[in-house]
Amino acid sequence: MFSNLCRQVAPAVALVLLAPTAQGAETIRQWQFAPKGESLELALREVEAPAPAAHEVAVRVRAVSLNRRDLMMAEGRYGRGGTQPNSVPLSDGAGEIVAVGANVTRFKVGDRVAGIFFEDWIDGAPTAASLATARGGNSGGMLSEIVVTDAEGLVAIPAHLTYEEAATLPCAGVTAWVGLFKRGGLEKGDFVLLEGTGGVSVFGLQLAAAAGAKPIITSSSDTKLARARELGAFGTVNYRSNPEWQNEVRALTGGAGVDQVLEVGGQDTLPRALQALGFGGHIAIIGGLSGFASDVPVGTLMGLNATASGIYVGSRADFEALNAFLAEHKIKPIVDKVFELEDAPAAFAAMEGGEFFGKVVIRL
Ligand SMILES: NC(=O)c1ccc[n+]([C@@H]2O[C@H](COP(=O)([O-])OP(=O)(O)OC[C@H]3O[C@@H](n4cnc5c(N)ncnc54)[C@H](OP(=O)(O)O)[C@@H]3O)[C@@H](O)[C@H]2O)c1
């Protein structure tokens with residue numbers, strides 16, 4: 001879809017539509033999911049610059065990153081409410097605060113921040129209301145030069161990270177953190193299975209390696225597996241040339257099986273991941289790259305005395321815990337491709353094409 005979409009919208013400069021603005025009002029550029037017949041297309045629009053209310057801040061967004069979810073959002077097949085027409089894409093972004101509302105004490109102008117994935121999920125368990133505040137494709141999308149947001153819906157970004165690196169954290173980084181540490185209780189020496197070399201899995205690799213665990217990662221590409229070894233992979237398996245990859249993963253653990261899995265593959269990988277799981281292991285149910293799995297293998301889980309956790313990103317407190325760990329270990333997220341604001345459709349196409357390792361970023 002996005003290769004088509006990319007062709008439709010290039011050159012991007014032809015796309016700038018002027019929304020009606022008050023005389024002399026300051027304007028900004030933002031991409032929107034614009035209705036096109038029954039489907040959606042990306043449209044670059046110039047709109048009036050938003051101003052913060054008393055509890056809000058305005059962020060000059062400097063970088064955003066893409067997640068698999070954003071492709072689903074663009075196709076209108078994500079979430080119960082679907083994608084809202086003329087909403088701003090992307091959940092993940094980082095930038096600097098340029099204006100603060102009268103009641104804001106949490107941040108000041110000039111602070112470097114990233115948006116949290118769910119603008120209102122601060123700590124503890126989520127609620128239906130807090131989950132409804134996921135950014136991108138409904139309200140609060142980050143692919144906009146200025147974003148106005150509740151001051152509570154931001155975190156300070158670690159000093160050692162650029163905006164481009166920090167923009168990769170809100171969805172993929174927090175998900176990997178929650179799956180391994182908060183829900184999985186990762187310990188030094190644990191064997192960790194990571195599927196493919198996309199955003200969540202490469203974060204999982206970096207976090208597990210930094211914690212002294214033994215990450216084993218799969219990929220369809222030997223070149224990407226070589227990159228994974230440079231990042232500290234204990235073991236690598238090509239799932240394309242070795243369709244029974246779970247046997248090799250188990251062999252790499254000496255036969256005992258892995259202690260942790262970040263299960264992002266879904267229906268094709270879940271049964272195999274369970275064959276690679278050891279007694280007492282933990283499997284974080286995260287994604288559906290091959291289609292979402294629907295059968296819970298109760299016998300296998302009981303027999304292994306294993307734990308399965310459903311993960312839906314995490315809270316602001318989880319993001320802050322991730323940031324503390326990144327700062328302590330000086331971990332730099334892997335930004336593989338960077339596009340300019342005008343080339344956002346090409347970034348979506350790159351995400352769809354799969355020829356990347358880690359994260360795809362757009363600079364604003
Ligand atoms: N529940 C949550 O909170 C949450 C949060 C984030 C993401 N997710 C979900 O988790 C999944 C991963 O997200 P992401 O953003 O990390 O994806 P991504 O960055 O787009 O990952 C793409 C990579 O996944 C690998 N891959 C594709 N199909 C695979 C398969 N059948 N088996 C193994 N690897 C496969 C490929 O790696 P190689 O090129 O190396 O083969 C591909 O390059 C998605 O389904 C996403 O919707 C869920």
Side-chain angles (χ1 to χ4, degrees), residues 2 65-75 77-79 90-92 116-118 121 126 131 134-137 168-180 182-183 193-206 216-229 231 233 236-243 245-246 249 261-273 276 283-293 308-315 318-319 322 333-337 347-361:
F2 286 100
S65 81
L66 281 79
N67 294 284
R68 187 75 11 192
R69 163 188 192 265
D70 301 312
L71 299 183
M72 298 161 75
M73 203 54 102
E75 291 168 3
R77 58 182 183 91
Y78 184 91
L90 306 190
S91 56
D92 293 8
I116 60 176
F117 184 88
F118 299 101
W121 184 6
L131 292 188
R135 296 182 199 269
T168 67
L169 301 174
C171 179
V174 174
T175 300
W177 167 267
V178 169
L180 290 178
K182 183 180 184 184
R183 307 292 286 280
L193 170 60
L194 304 155
E195 301 167 346
T197 58
V200 174
S201 298
V202 170
F203 269 118
L205 167 62
Q206 293 180 283
I216 299 172
I217 190 163
T218 69
S219 176
S220 56
S221 155
D222 288 339
T223 308
K224 292 183 181 182
L225 290 176
R227 252 180 114 173
R229 280 194 291 277
L231 284 175
T236 58
V237 183
N238 188 316
Y239 65 81
R240 185 154 294 158
S241 58
N242 185 353
W245 51 267
Q246 71 278 10
V249 171
V261 182
L262 294 187
E263 218 300 307
V264 296
Q267 62 187 11
D268 289 353
T269 55
L270 177 62
R272 294 182 191 280
I283 184 160
I285 307 290
I286 294 171
L289 287 165
S290 63
F292 285 91
S309 304
I311 310 284
Y312 195 8
V313 194
S315 65
D318 298 322
F319 198 162
L322 165 68
I334 305 301
V335 176
D336 193 52
K337 293 188 190 306
F348 276 75
M351 191 76 191
E352 191 183 43
E355 288 306 311
F356 64 92
F357 180 97
K359 297 296 293 181
V360 174
V361 164

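Just so you know, these numbers come straight off a predicted model, no measurement behind them. In listed order, ligands and their atoms are each counted from 1.
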> Which protein residues have a heavy atom closer than 4.0 Å to any atom of ligand 1, listed by chain and number?
Replying inline: Arg68, Cys171, Thr175, Glu195, Gly196, Thr197, Gly198, Gly199, Val200, Ser219, Ser220, Lys224, Tyr239, Val264, Thr269, Ile286, Gly287, Gly288, Leu289, Ser290, Ile311, Tyr312, Val313, Met351, Gly354, Phe356
> Do Ile116 and Trp121 come within less than 4.5 Å of each other through their side chains, counting heavy atoms only?
Replying inline: no
> How would you list, by chain and number, every residue that makes a side chain to side chain donor-acceptor pair (under 3.5 Å) with Gln246, sequence neighbours excluded?
Replying inline: Glu244, Arg272, Gln275
> What residues, two or more places apart in sequence or in another chain, satisfy side-chain contact (heavy atoms from CB on, under 4.5 Å) together with Tyr312?
Replying inline: Tyr78, Phe117, Phe118, Leu131
>> Going by side chain to side chain donor-acceptor pair (under 3.5 Å), name the residues that satisfy it together with Arg229, two or more places apart in sequence or in a different chain.
In response: Thr236
>> If the threshold is 4.0 Å, N to carboxylate O, is there a salt bridge linking Asp336 and Arg227?
In response: yes
> Sub-3.5 Å donor-acceptor pair from the side chain of Ser221 to the main-chain atoms of Thr223, do we have one?
Replying inline: yes
